[in-house]
Protein chains: 2
Amino acid sequence: MDLTHKFLANVSVDCVIFGFDFEKLNVVLVEREYDDPATGETIIRDYTLAGYHIFEDEDLDNAAYRILKDRTGLENIYLEQFATFGKTDRVAKEMDHLWLKVIDKGFADRVLTVGYFALIDSTKVKLFSHDSKIDWFPVDDALTMDLAFDHQEILQKALDTLRNKVRTEPIAFELLPECFTLTQLQNLYQAITGNIIDKRNFRKKKLQMPFIVPRTEKQDGVAHRPARLFHFDRNIFEQTRNERFGNLF
Amino acid sequence: MDLTHKFLANVSVDCVIFGFDFEKLNVVLVEREYDDPATGETIIRDYTLAGYHIFEDEDLDNAAYRILKDRTGLENIYLEQFATFGKTDRVAKEMDHLWLKVIDKGFADRVLTVGYFALIDSTKVKLFSHDSKIDWFPVDDALTMDLAFDHQEILQKALDTLRNKVRTEPIAFELLPECFTLTQLQNLYQAITGNIIDKRNFRKKKLQMPFIVPRTEKQDGVAHRPARLFHFDRNIFEQTRNERFGNLF
DNA sequence: TACTTTATATACTTTGTAAATGTATTAATT
DNA sequence: AATTAATACATTTACAAAGTATATAAAGTA
């Protein structure tokens with residue numbers, strides 16, 4: 001192997017952090033603001049995914065876990081690498097931005113970004129950011145917002161990957177609390193895929209899956225008949241993995 | 001964004017080139033040999049995937065296309081990025097190798113590799129290599145051979161991705177000549193998935209797929225009843241994409 | 001040459017299972 | 001009592017699984 005024209009690149013990791021509020025799918029975005037030094041007015045406001053460059057002695061996966069922990073405080077979270085973005089012009093959008101005037105010229109270098117998506121139970125998570133605003137946004141909105149760099153493309157690819165994977169792998173449960181109702185699970189699948197699912201068949205199918213385990217507790221604090229709660233048993237799922245063929249919903 | 005501890009990495013692309021010989025799935029491997037300067041004996045012989053580092057002004061995808069063209073002479077080939085490998089110790093295996101004595105120390109640096117897999121009609125392809133042997137190997141064999149670096153892991157991941165994707169996307173046809181028999185197509189799916197498929201139902205299902213188009217020609221040169229030939233029509237497939245739900249086979 | 005053998009391609013049928021759809025009842029709150 | 005959603009069960013329809021039969025080529029054989 002000829003290493004004579006060896007070329008070195010910046011490497012960063014971007015985390016697409018997905019959450020579910022029992023209605024729609026959300027994603028974590030970090031706000032960027034820049035005030036014009038002369039007038040003091042806010043000139044730029046856009047959003048980025050949660051990202052950071054990797055450290056020299058750090059595995060890619062660990063960088064993603066670090067970023068996730070910095071932003072959510074959470075550990076042992078479902079995290080999956082889905083794509084790497086390395087177009088030579090991927091920071092070109094930034095060139096037209098005033099950002100270039102205030103930040104390190106390092107941005108002008110070539111930057112590779114490895115994309116990860118995280119699935120978290122967002123119901124009780126508090127988001128952290130030392131210097132900028134950070135918040136949840138509906139994914140549908142985020143796809144039309146002004147995102148920095150190629151974060152639009154990264155988000156879209158993360159969503160596509162999630163939509164695909166959720167059909168055959170039991171990852172949807174990562175977005176729900178430990179106990180959930182079948183309606184909540186159905187709403188989640190609908191939010192991810194964008195399709196509506198027939199309730200009767202969805203229930204019938206789920207009830208005969210041995211890894212969807214009913215609990216004695218019932219739903220609480222709702223203004224109608226409370227639903228039975230369930231939890232997902234990963235062990236049973238793995239034991240019965242070969243018996244399955246088609247969709248999980 | 002703080003860029004004070006900016007870190008630069010080597011970036012390379014590895015291509016997992018898949019082919020099909022109407023019996024089994026094959027993959028392209030490049031042989032590495034090193035002769036002991038003292039005795040002249042071959043000390044090391046192992047195999048790598050087709051890979052090379054990226055150029056400074058080159059998109060990741062283009063690097064993959066370049067590597068593929070250098071090795072096969074082919075253009076306009078199905079190529080898909082499937083994962084990026086960035087463990088800090090991913091070249092550690094090489095440390096125990098005598099290779100380190102004869103090559104640039106650059107290998108000791110951290111190297112990120114972006115994995116792509118290519119699907120080609122291998123029936124009429126000639127492989128190129130200026131300095132080393134290059135050949136097709138059955139994937140099953142390759143998975144137990146001595147592959148360099150973490151190429152074992154990369155190959156396995158490529159195979160997993162192919163196995164998954166082939167269920168819902170019409171990429172299997174990339175491994176066949178333009179015209180093929182239904183038996184060849186069935187054998188291909190069996191080779192990829194490792195499962196046997198019922199011939200009667202496979203045929204019935206395929207014959208009612210409008211994008212599997214029968215041709216007037218028949219199979220030639222076989223010592224039994226010649227089969228009808230078909231081709232895959234991508235336009236029809238795309239037009240009828242929403243009508244589909246389940247497996248493609 | 002004529003006939004048989006061999007190997008695979010191809011067609012059609014029956015059966016079992018799961019999805020799609022229709023209808024009814026239950027259990028909580030307001 | 002009205003409202004809202006949860007839950008149960010039955011019927012119909014579609015498709016996959018599995019059984020059986022026939023067609024068409026080359027190659028072998030009398």
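Residue numbering restarts at 1 for every chain, and letters A, B, ... go by the order of the sequence lines.
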> Measure from the ring center of B:F173 to the ring center of B:F180 and say whether it is less than 6.0 Å.
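Centroid distance B:F173-B:F180: below 6.0 Å, so yes.
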
> I need the CD-C1' distance between B:Q219 and D:dA25, as an integer number of Å.
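After rounding, the reported distance stands at 10 Å.
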
> Expressed in angstrom and rounded to an integer, what is the separation of A:K199 atom NZ from D:dA5 atom C1'?
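Between C1' of D:dA5 and NZ of A:K199: 6 Å.
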
> Nearest-nucleotide wise, let me know which of B:L207 and A:K204 is further upstream toward the 5' end of DNA chain C.
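Checking each residue's closest nucleotide, the 5'-ward one belongs to B:L207.
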
> How many whole angstroms separate atom CZ of B:R203 from atom C1' of D:dA23?
12 Å

> Pick out the pairs of N or O atoms, protein on one side and nucleotides 26-30 of chain D on the other, that lie under 3.5 Å.
none

> Find the distance B:Q186:CD to C:dT8:C1' and express it as a whole number of Å.
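After rounding, the gap between these two atoms is 12 Å.
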
> For A:R244 and C:dA18, give me the distance from atom CZ to atom P, rounded to whole Å.
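A:R244 atom CZ is separated from C:dA18 atom P by 14 Å.
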
> Establish, for the pair A:R215 and A:F232, whether the NZ or CZ atom is under 6.0 angstrom from the six-membered ring centre and no further than 45 degrees off its axis.
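No - A:R215 does not lie over the ring of A:F232 by the 6.0 Å and 45° rule.
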
> Within the 3.5 Å criterion, strictly below it, is a donor on B:Q239 or B:N235 matched to an acceptor on the partner's side chain?
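There is no such pair (donor and acceptor under 3.5 Å, judged by atom type) between the side chains of B:Q239 and B:N235.
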
> Students often mix this up, so state it plainly: with edges at 30° and 60°, are the rings of A:F82 and A:F85 parallel, tilted or perpendicular?
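Correct class here is perpendicular.
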
> Atom CD1 of A:I196 and atom C1' of C:dA20: how far apart are they, to the nearest Å?
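Rounded to whole Å, this separation is 13 Å.
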
> For A:K205, which contact category applies under a 4.0 Å heavy-atom criterion: base, sugar-phosphate, or nothing?
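Counting heavy atoms under 4.0 Å across all strands, the contact made by A:K205 is with sugar-phosphate only.
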
> I'd like to know whether CD of A:E217 has more than 12 heavy-atom contacts from other residues, nucleotides or ligands below 6.0 angstrom.
yes

> Just verifying a value: how many Å separate B:R241 CZ and B:R244 CZ, rounded to the nearest 0.5 Å?
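Answer for the CZ-CZ pair, B:R241 versus B:R244, is 7.0 Å.
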
> Which comes earlier along DNA chain C counting from the 5' end, the contact point of B:L182 or that of A:P226, where each point is its nearest nucleotide?
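Counting from the 5' end, the first nearest nucleotide belongs to B:L182.
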
> Within the structure, does a side-chain N or O atom of B:T183 lie under 4.0 Å from either OP1 or OP2 of C:dT8?
no

> When the distance from CG of B:N201 to P of C:dT14 is rounded to whole Å, what number comes out?
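Taking CG of B:N201 and P of C:dT14, I get 16 Å after rounding.
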
> Rounding to an integer number of Å, can you tell me how far A:R228 CZ sits from D:dA5 C1'?
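Going from A:R228 (CZ) to D:dA5 (C1'), I get 15 Å.
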
> Show the numbers, then the answer: is there a salt bridge (charged side-chain N to carboxylate O under 4.0 Å, His left out) between A:R234 and A:E174?
CA-CA 11 Å; A:R234 181 164 300 277; A:E174 308 287 340; 3.1 Å; yes

